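Here the structure is a predicted model, which is why all the values come from computation and not from measurement.
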Amino acid sequence: MTTMPPVFPGSVDATGQRATLGVLGGGQLGRMFVHAAQRLGYFTAVLEPDAQSPAGLVSHHHIQTGYDDPAGLAQLAQLCQAITTEFENVPAQALQTLAQTRPVAPGAAVVAIAQNRIEEKAHFAACADLSGVTCAPYAVIETPAQLQAVQNDRADLLPGILKTARMGYDGKGQVRVKTAAELAAAWAELGSVACVLEKMLPLTAECSVLVARGWDGQVVSFAPQRNVHVDGILAVTHAYEGNMPPALADKACEAAVSIAHHLGYVGVLCVEFFVVEDGSAHGGLVVNEMAPRPHNSGHYTIDACDASQFDLQVHAMAGLPLPQPRQHSPAIMLNLLGDVWFDASGQLREPDWQSVLSLPGTHLHLYGKSEARVGRKMGHLTITGPDVASVKTVARRAASLLSLPGLEDI
């Protein structure tokens, strides 16, 4: 499906059913999508097996079943006029099944590419001439013979990072390797599953670009965010003018839009880039990966922009016009992991919200998860203000109060 009639908020069809938007997945991204859809006036439906899922708890309908359950998928299709997903590891076949009767954005084929690093990198390589960027040098390792070939003939890829082709995220499914022997041991450690070995590059920064593309090919985007990761998990997002050299920011936006067009994408797409030393004044761009959904690095848009990434997700899937978002305040976003709920001795404690929320321009978002665990994403804190200097000052203070990493470079 390349076009669709718009599903207007608040509308009622001939059978009396209210306009309802559906989402596969009940995590925090689904929760924020549900809030955005409801604010516009839509009813919402979530398909998610967890009875206490963040999105399921706030939706009009919660279909509590597995993502590949035919009866559950049929119920979701019956309830909804359009459907999306909140994470890329939902079975692509489920999206394909739903698309037989309902508009689904993004589509199954695109999600399948994002689920597999091998296919994802092949896509980036295929559109490199169009986008102007390519990925880091890499090799595919799916068999012992391919492992042997890389060990013998691709010493240029070491030191590198071995990544599982599927299900790797937030630093999981990744092992750094320096030698051929370490590579063999790492592949065994990862279960000898399909992997890619990426050459480690001299990174100076990481950034991401959020793009929204409609059924009609209309595209809008946010300015690039500069991201800081700690132990493979996003810790800080810098979102303000001057967070990157303007020429590099423009190139990242153009590349992300080109990648979305090349995919025929519909919905919100996040494209992540590395900034690498290449001898130029500001460095070069290498595309890292893409997420076929709103992204952690775009959460600041809820508080700092007149249209958030979730608003655009709703607009795109429902066939509504896509407004060009405007950022009205500089912002820094701090990720809140479960670590914040534990003291130095490992005992549970309540974070010092009293002090944090007394700081000007702080916006706390907790995701409604029932149990804090080390490394688990529990929420985020966005700091906005009249200028970059004041935002940085408050962000440093908040990070200090909560013992958050990643602000050392400010």
Taking all non-hydrogen atoms of both residues, which atom of [X] and which atom of [Y] are closest, and how far apart?
{"X": "I332", "Y": "Y240", "answer": "CG1-CE2, 4.0 Å"}
{"X": "T84", "Y": "P106", "answer": "OG1-CD, 3.8 Å"}
{"X": "V7", "Y": "A19", "answer": "CG1-CB, 4.0 Å"}
{"X": "P292", "Y": "L269", "answer": "CA-CD1, 4.0 Å"}
{"X": "A212", "Y": "V268", "answer": "CB-CG2, 4.2 Å"}
{"X": "L263", "Y": "V110", "answer": "O-CG2, 3.9 Å"}

In a table with atom names and distances, give each donor-acceptor pair under 3.5 Å that connects a side chain of residues 63-72 to protein atoms at least two apart or in another chain.
{"unit_1": "Q64", "atom_1": "NE2", "unit_2": "P49", "atom_2": "O", "d": "3.4"}
{"unit_1": "T65", "atom_1": "OG1", "unit_2": "D69", "atom_2": "OD2", "d": "2.8"}
{"unit_1": "Y67", "atom_1": "OH", "unit_2": "E48", "atom_2": "OE1", "d": "2.5"}
{"unit_1": "D69", "atom_1": "OD2", "unit_2": "G72", "atom_2": "N", "d": "3.0"}

Between [X] and [Y]: side-chain donor-acceptor atoms closer than 3.5 Å:
{"X": "H299", "Y": "T382", "result": "no"}
{"X": "Q225", "Y": "S208", "result": "yes"}
{"X": "H365", "Y": "Y367", "result": "no"}

I'd like to check [X] versus [Y] (side-chain heavy atoms, cut-off strictly below 4.5 Å). Are they in contact?
{"X": "N296", "Y": "M333", "value": "yes"}
{"X": "M317", "Y": "V266", "value": "no"}
{"X": "L364", "Y": "L336", "value": "yes"}
{"X": "L24", "Y": "L76", "value": "yes"}
{"X": "L312", "Y": "P323", "value": "yes"}
{"X": "P294", "Y": "F33", "value": "no"}
{"X": "T164", "Y": "C195", "value": "yes"}
{"X": "Q81", "Y": "Y42", "value": "no"}

Using the side chain to side chain contact (heavy atoms under 4.5 Å, CB included) rule, take S131 and H262 through it: C-alpha gap first, then chi angles, then the decisive distance, then the call. CA-CA 9 Å; S131 69; H262 191 265; over 6 Å; no
Answer yes or no: is there a donor N or O on one side and an acceptor on the other, between the side chain of [X] and the main chain of [Y], under 3.5 Å?
{"X": "Q309", "Y": "H295", "result": "yes"}
{"X": "S59", "Y": "H62", "result": "no"}
{"X": "S11", "Y": "F8", "result": "yes"}
{"X": "S400", "Y": "R396", "result": "no"}
{"X": "Q327", "Y": "A239", "result": "yes"}
{"X": "Q115", "Y": "E88", "result": "yes"}
{"X": "R213", "Y": "G267", "result": "no"}
{"X": "E206", "Y": "F274", "result": "no"}
{"X": "Q218", "Y": "P321", "result": "no"}
{"X": "E86", "Y": "V23", "result": "no"}

Check this for me: [X], atom [atom1], are more than 12 non-hydrogen atoms of other residues, nucleotides or ligands nearer than 6.0 Å?
{"X": "R376", "atom1": "CZ", "result": "yes"}
{"X": "R176", "atom1": "CZ", "result": "no"}
{"X": "E241", "atom1": "CD", "result": "no"}

Could I get the full list of side-chain contact (heavy atoms from CB on, under 4.5 Å) partners for P351, not counting sequence neighbours?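 Once residues adjacent in sequence are excluded, the partners of P351 under the side-chain contact (heavy atoms from CB on, under 4.5 Å) criterion are V340, W341, W353, L402.
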Hey, could you give me the [atom1]/[atom2] distance between [X] and [Y], rounded to the nearest 0.5 Å?
{"X": "N335", "Y": "M378", "atom1": "CG", "atom2": "CE", "value": "12.0 Å"}
{"X": "N227", "Y": "T237", "atom1": "CG", "atom2": "OG1", "value": "4.0 Å"}
{"X": "H123", "Y": "N116", "atom1": "NE2", "atom2": "CG", "value": "13.5 Å"}
{"X": "I141", "Y": "L183", "atom1": "CD1", "atom2": "CG", "value": "4.5 Å"}
{"X": "D311", "Y": "L322", "atom1": "CG", "atom2": "CG", "value": "11.0 Å"}
{"X": "D306", "Y": "Q324", "atom1": "CG", "atom2": "CD", "value": "9.0 Å"}

Take H60 and T20 through the side chain to side chain contact (heavy atoms under 4.5 Å, CB included) test and state the conclusion after the steps. CA-CA 9 Å; H60 295 91; T20 303; over 6 Å; no
Against [X], only a single residue in [options] fulfils side chain to side chain contact (heavy atoms under 4.5 Å, CB included); can you say which?
{"X": "F273", "options": "V133, L248, N288", "value": "V133"}
{"X": "P224", "options": "L210, V209, D250", "value": "V209"}
{"X": "V177", "options": "L197, L157, I161", "value": "L197"}

With K163 via salt bridge (Lys or Arg N to Asp or Glu O under 4.0 Å) - residues at least two apart: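 Partners of K163 by the salt bridge (Lys or Arg N to Asp or Glu O under 4.0 Å) criterion, ordered by chain and then number, come out as E198.
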Applying side chain to side chain contact (heavy atoms under 4.5 Å, CB included) to V193 and R166, what does each step give before you reach the verdict? CA-CA 9 Å; V193 298; R166 292 183 177 273; over 6 Å; no
Check the orientation of Y300 and F222. Use parallel for under 30°, tilted for 30 to 60°, and perpendicular for over 60°.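 Y300 vs F222 ring planes: perpendicular.
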I would like to know whether Q174 and L162 meet side chain to side chain contact (heavy atoms under 4.5 Å, CB included); could you show each step before the answer? CA-CA 6 Å; Q174 302 184 15; L162 186 67; over 6 Å; no
